[in-house]
Amino acid sequence: MKADAQRRRCLIGAAAAALAMIVRAEAAPRVITVVARKFEFVPARIALKKGEPVVLELSAPEVLMGFACSELGLRSDIVPGQVSRLRFTPDKAGEFAFACDIFCGSGHEKMDGVIVVQA
């Protein structure tokens with residue numbers, strides 16, 4: 001009898017832990033709005049947590065822009081009047097540079113930023 005009760009408690013604990021993992025995995029991602037303007041990203045610094053689901057909502061009010069962060073495998077065109085969404089979950093900590101990768105005029109070469117992922 002005592003072994004059966006312990007077994008039931010162990011199974012209930014394991015089921016609760018599995019359910020908690022599923023709920024965390026299905027948690028709504030954090031949405032961060034990023035505006036690409038001539039010749040800057042606003043914000044230019046994006047702070048994230050490792051393992052946190054994120055959606056970057058990218059917009060450009062003026063001209064066609066690009067967003068590229070090769071170290072995190074992120075890339076998108078940013079079309080004026082549209083919102084581009086990049087969904088990802090950072091799996092490593094560190095500082096990762098991003099930049100506009102579509103020539104947008106004089107000053108384009110200074111259009112960059114950083115994603116900071118904390119462990």
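In this text the structure is predicted, and so the values were computed from the model without any measurement. Just so you know, these numbers use all the heavy atoms, side chains as well, and skip hydrogens, waters and symmetry mates. Along the sequence shown, the residues carry numbers beginning at 1.
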### Message
Quick one, L48 and I32 - any side-chain contact, counting heavy atoms below 4.5 Å?
### Response
yes
### Message
Could you check whether any side-chain heavy atom of L64 comes within less than 4.5 Å of a side-chain heavy atom of I78, counting everything from C-beta outward?
### Response
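No, too far: nothing below the 4.5 Å cut-off.
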Sequence neighbours excluded and cut-off under 3.5 Å, please list the side-chain donor-acceptor pairs for residues 109-119, or say none.
none

### Query
With sequence neighbours left out, what residues match R37 under side chain to side chain contact (heavy atoms under 4.5 Å, CB included)?
V35, E40, P61, E62
### Summary
Sorted by chain and number, sequence neighbours left out, side chain to side chain contact (heavy atoms under 4.5 Å, CB included) with T89 holds for P53
### Task
Can you sort out the partners of E52 under salt bridge (charged side-chain N to carboxylate O under 4.0 Å, His left out), two or more places apart, ordered by chain and number?
R30
### Query
Looking at residues at least two apart in the chain, or sitting in another chain, which of them share a salt bridge (charged side-chain N to carboxylate O under 4.0 Å, His left out) with E57?
R85
### Query
Could you state the interatomic distance from CZ (F39) to SG (C100), rounded to the nearest 0.5 Å?
9.0 Å
### Query
Apart from V42 itself, which Ile, Leu, Val, Met, Phe, Trp or Tyr residues share its cluster (side-chain heavy atoms under 4.5 Å, direct or through members)?
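Direct or chained contacts put V42 with none.
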### Query
For the residue pair P43 and F98, what are the closest heavy atoms and their distance?
O-CZ, 4.1 Å
### Task
List the atom of C104, the atom of V63, and the distance in Å for their closest heavy-atom pair.
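So the two residues come closest at CB-CG2, 4.0 Å.
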### Task
Show your working on side chain to side chain contact (heavy atoms under 4.5 Å, CB included) between I46 and L56 and close with a plain yes or no.
CA-CA 10 Å; I46 301 170; L56 297 181; 4.2 Å; yes
### Query
Can you list every pair that meets ring pair (Phe, Tyr, Trp, His ring centres under 6.0 Å) and has a residue in residues 71-97, with sequence neighbours left out?
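Listed once each, the pairs would be none.
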### Full working for side chain to side chain contact (heavy atoms under 4.5 Å, CB included) between L58 and L86
CA-CA 8 Å; L58 308 164; L86 281 174; 3.7 Å; yes
Table please: side-chain donor-acceptor pairs of residues 65-75 below 3.5 Å, with sequence neighbours left out.
from : atom 1 : to   : atom 2 : distance (Å)
R75  : NE     : D101 : OD2    : 2.6
R75  : NH1    : D77  : OD1    : 3.2
R75  : NH2    : D77  : OD1    : 2.6
R75  : NH2    : D101 : OD1    : 3.4

